[in-house]
Amino acid sequence: MRRRSLLLAAVPAGLVTLAGCGDKSSSSSKASASPSASASVPPPKIVDGPLPAITAGTKFDEKPTVAKGSGDPSKNLAVKTVIAGSGKTVAENDFIQANYLGQIWSSAKVFDQSYDRTPLLMQLAAGSIIDGWRYGLAGRKAGSRVLMAVPPTWGYGSAGNSQAGIKGTDTLVFVVDILNAFNSTSSSTGKEVAQSDAALPKIGTNTDGKAPSIEIPKVDPPKTLVSNYVLEGDGAQVQSAQTVLCQFKGEVWDSGKVFEQTYESGRLAQFSIEQMQGVLKGLAQGITGKKVGSRIVVVTPPDLAYGNNPPSGGVVKKGSTLVFTVDILAAM
């Protein structure tokens with residue numbers, strides 16, 4: 001079983017609202033209360049140090065070894081970019097994919113790290129991640145290694161975290177390698193694949209973060225699930241136990257009406273494949289096995305969509321075949 005990061009406030013709630021209701025604002029994931037002692041703390045003053053040295057594993061995305069803190073840590077949030085990247089600048093509420101190591105200042109005890117697992121995918125938003133990360137990583141670029149010392153106020157508060165052996169007085173030291181960053185303008189980065197079947201929808205290939213067009217042919221829809229590349233990425237294949245971050249748009253085959261989308265809504269969708277199996281099996285099955293970085297078209301027949309039980313009041317009717325265009329941005 002994959003171990004869950006101690007940094008996250010909660011397992012992402014996912015896109016459980018995908019219900020043809022037409023409410024674009026419902027398409028982002030939500031998370032529960034922050035692990036900090038207070039649900040609302042003042043922004044920290046960010047200072048340069050003091051910070052302990054990285055003594056081994058000094059290259060980007062190499063598992064680091066960090067020295068024990070010397071003397072008393074700052075009561076402010078200490079942040080230093082150790083390796084400067086040249087990628088997208090991270091802003092609050094963006095999603096990042098990162099490897100990290102966390103240890104306690106006073107003992108150098110490592111309480112969590114991802115280098116021996118898979119990179120963490122998380123949103124830098126209040127309630128989704130500890131506040132030290134939310135404030136400390138904003139403004140840094142993808143491709144950067146960031147070293148931070150996080151006082152309790154912007155970490156786990158006075159309660160600490162007993163699971164990790166963190167006391168309410170502990171300052172935490174983190175090394176964070178920002179692998180990638182995503183926001184509402186992110187799109188697939190894959191190579192265009194020919195769309196030659198006239199009996200299937202044709203999907204736009206723009207990569208500007210705007211919604212791709214969906215041209216549905218005036219023929220009967222396929223009776224079985226279709227999942228094809230529009231833009232083929234070069235990332236790993238999505239596994240059924242993973243959580244994905246994506247942009248998507250869904251239309252009804254017969255009417256061409258959009259029933260939900262993230263494009264141009266200011267939000268991204270994050271959900272587990274297992275969770276999506278309970279909402280729209282066809283979409284979950286269509287994404288599974290496809291490469292990260294791709295845009296795909298998924299045509300979901302009624303028995304793998306809503307069948308005879310569509311959401312009330314929406315544009316999806318009984319027996320509707322659904323068409324999705326999905327940009328698979330990341331997976332964890």
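Heavy atoms only: backbone and side chains are in, while hydrogens, waters and symmetry mates are out. Values in this document were obtained by computation on a predicted structure and should not be read as measured data.
Annotation for Asp72 and Pro50: closest pair O-CG, 4.0 Å, computed over non-hydrogen atoms. Here the shortest heavy-atom pairing between Ile83 and Lys59 reads CD1-C, 4.0 Å. Leu225 approaches Val299 most closely through the heavy-atom pair CD1-O, 3.3 Å. Residue Ala331 comes nearest to Val292 through the heavy atom pair CB-CG2, 3.8 Å, listed as atom of the first residue, atom of the second, then distance. Here the shortest heavy-atom pairing between Pro151 and Leu77 reads CD-CA, 4.1 Å. Among all heavy-atom pairs drawn from Ser114 and Asn99, the shortest one is OG-OD1, 2.7 Å.
Using a 4.5 Å cut-off on side-chain heavy atoms (C-beta onward), Phe111 and Ile104 make contact. With contacts defined as side-chain heavy-atom distances shorter than 4.5 Å, the pair Asp61/Leu179 qualifies. For the pair Ile203 and Arg295, the minimum side-chain heavy-atom distance is below 4.5 Å. A heavy-atom distance below 4.5 Å is found between the side chains of Trp253 and Pro222. Between Leu121 and Gln270, the closest side-chain pair of non-hydrogen atoms falls below 4.5 Å. Inter-residue side-chain proximity for Phe95 and Asn183 is flagged as unmet; no heavy-atom pair is nearer than 4.5 Å. Here the side chains of Val326 and Leu283 are in contact, with some heavy-atom distance below 4.5 Å. Two residues are said to be in side-chain contact when any heavy atoms from C-beta on lie closer than 4.5 Å; Met332 and Gln242 fail this criterion.
Although no hydrogens or angles enter the test, the distance criterion places a donor-acceptor pair under 3.5 Å between the side chain of Thr55 and the main chain of Thr65. Looking at Asn76, its side chain never comes within 3.5 Å of a backbone N or O of Ile46 through a donor-acceptor pair. A donor-acceptor pair under 3.5 Å is formed between the side chain of Gln103 and the backbone N or O of Val66. A distance-only check finds no donor-acceptor pair linking the side chain of Arg145 to the backbone of Ile178 [under 3.5 Å]. For Asp131 (side chain) and Arg134 (main-chain N/O), no donor-acceptor pair under 3.5 Å exists by modelled atom type. The backbone N or O of Val230 lies less than 3.5 Å from no partner atom in the side chain of Gln195, so there is not a single donor-acceptor pair. Listed for the Glu232 side chain is no donor-acceptor partner under 3.5 Å among the backbone atoms of Tyr229. The main-chain N or O of Pro42 is found under 3.5 Å from a side-chain atom of Trp154 such that the two form a donor-acceptor pair. Remark: the backbone N or O of Ala84 is not paired with any side-chain donor or acceptor of Ser144 at under 3.5 angstrom. With hydrogens and angles ignored, the 3.5 Å screen pairs a side-chain donor or acceptor of Gln123 with a backbone N or O of Asn93.
By the rule that hydrophobic residues join a cluster once side-chain heavy atoms approach within less than 4.5 Å of another member, Ile296 and Val226 end up as members of separate clusters. Linking ILVMFWY side-chain heavy atoms closer than 4.5 Å, directly or via other members, places Val79 and Leu124 in a single hydrophobic cluster. Taking hydrophobic clusters as Ile, Leu, Val, Met, Phe, Trp and Tyr residues chained together by side-chain heavy-atom distances below 4.5 Å, Met148 shares a cluster with Val90. The hydrophobic clustering, which links ILVMFWY residues whose side-chain heavy atoms are closer than 4.5 Å, places Leu245 and Tyr100 together. Under the 4.5 Å side-chain heavy-atom criterion for grouping Ile, Leu, Val, Met, Phe, Trp and Tyr, Val173 is connected to Val110 within one hydrophobic cluster.
Residue-environment remark: NZ (Lys88) exceeds the threshold of 12 foreign heavy atoms within 6.0 Å.
Aromatic rings from Phe271 and Phe248 are positioned such that their centres are separated by 6.0 Å or more. The distance between the ring centers of Tyr306 and Phe259 does not fall below 6.0 angstrom.
Taken from CD in Glu260 to CG in Leu322, the straight-line distance is 11.5 Å, to the nearest 0.5 Å. We find the CG-CG distance between Asn180 and Leu329 to be 9.0 Å, quoted to the nearest 0.5 Å. Note that the CG atom of Asn161 and the OH atom of Tyr156 stand 5.5 Å from one another [nearest 0.5 Å]. One finds the OG1 atom of Thr118 at 8.5 Å from the CD atom of Gln97 (value rounded to the nearest 0.5 Å). One distance of note links NZ of Lys191 with CG of Leu231; it measures 12.0 Å at 0.5 Å rounding. Taken to the nearest 0.5 Å, the OH atom of Tyr135 stands 13.5 Å off from the CD1 atom of Ile129.
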Could you go through residues 208-220 and list every donor-acceptor pair under 3.5 Å that involves a side-chain atom there, pairing it with any protein atom two or more places apart or in another chain?
residue, atom, partner, partner atom, Å
Asp208, OD1, Asn206, ND2, 2.8
Asp208, OD1, Lys210, N, 3.1

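Here Lys167 pairs with Asp170 under the salt bridge (Lys or Arg N to Asp or Glu O under 4.0 Å) rule; sequence neighbours left out.
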Checklist line | From CA spacing to verdict: side chain to side chain contact (heavy atoms under 4.5 Å, CB included), Asp48, Lys80 | finding: CA-CA 6 Å; Asp48 294 333; Lys80 180 181 179 181; over 6 Å; no

Next item on the list: Go through Phe324 and Thr300 one step at a time and tell me if the side chain to side chain contact (heavy atoms under 4.5 Å, CB included) criterion holds.
Entry: CA-CA 8 Å; Phe324 293 93; Thr300 305; 3.9 Å; yes

Item checked: Test side chain to side chain contact (heavy atoms under 4.5 Å, CB included) applied to Met122 and Trp133, step by step -> CA-CA 10 Å; Met122 86 293 280; Trp133 277 49; 3.4 Å; yes

Note to self: Under the criterion side chain to side chain contact (heavy atoms under 4.5 Å, CB included), I'd like the reasoning laid out for Tyr115 against Asp177: C-alpha separation, chi angles, the key distance, then a yes or no.
What the structure shows: CA-CA 10 Å; Tyr115 292 91; Asp177 288 321; 2.7 Å; yes

Notebook entry, point to check: Can Lys257 and Glu251 be said to form a salt bridge (Lys or Arg N to Asp or Glu O under 4.0 Å), step by step?
Noted result: CA-CA 5 Å; Lys257 291 182 178 180; Glu251 291 189 7; over 6 Å; no

Check: Should Asp112 and Arg117 be marked as a salt bridge (Lys or Arg N to Asp or Glu O under 4.0 Å) after you check the CA-CA gap, both sets of side-chain angles, and the distance that decides it?
Finding: CA-CA 11 Å; Asp112 199 12; Arg117 306 195 301 265; 3.4 Å; yes

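With salt bridges taken as basic N to acidic carboxylate O contacts below 4.0 Å, none links Lys291 and Asp234.
Side chains of Lys68 and Ser107: no donor on one and acceptor on the other come within 3.5 Å. A side-chain donor from one of Thr262 and Gln247 sits under 3.5 Å from a side-chain acceptor of the other. In this model, a donor atom of one side chain and an acceptor atom of the other lie less than 3.5 Å apart for Thr89 and Lys141.
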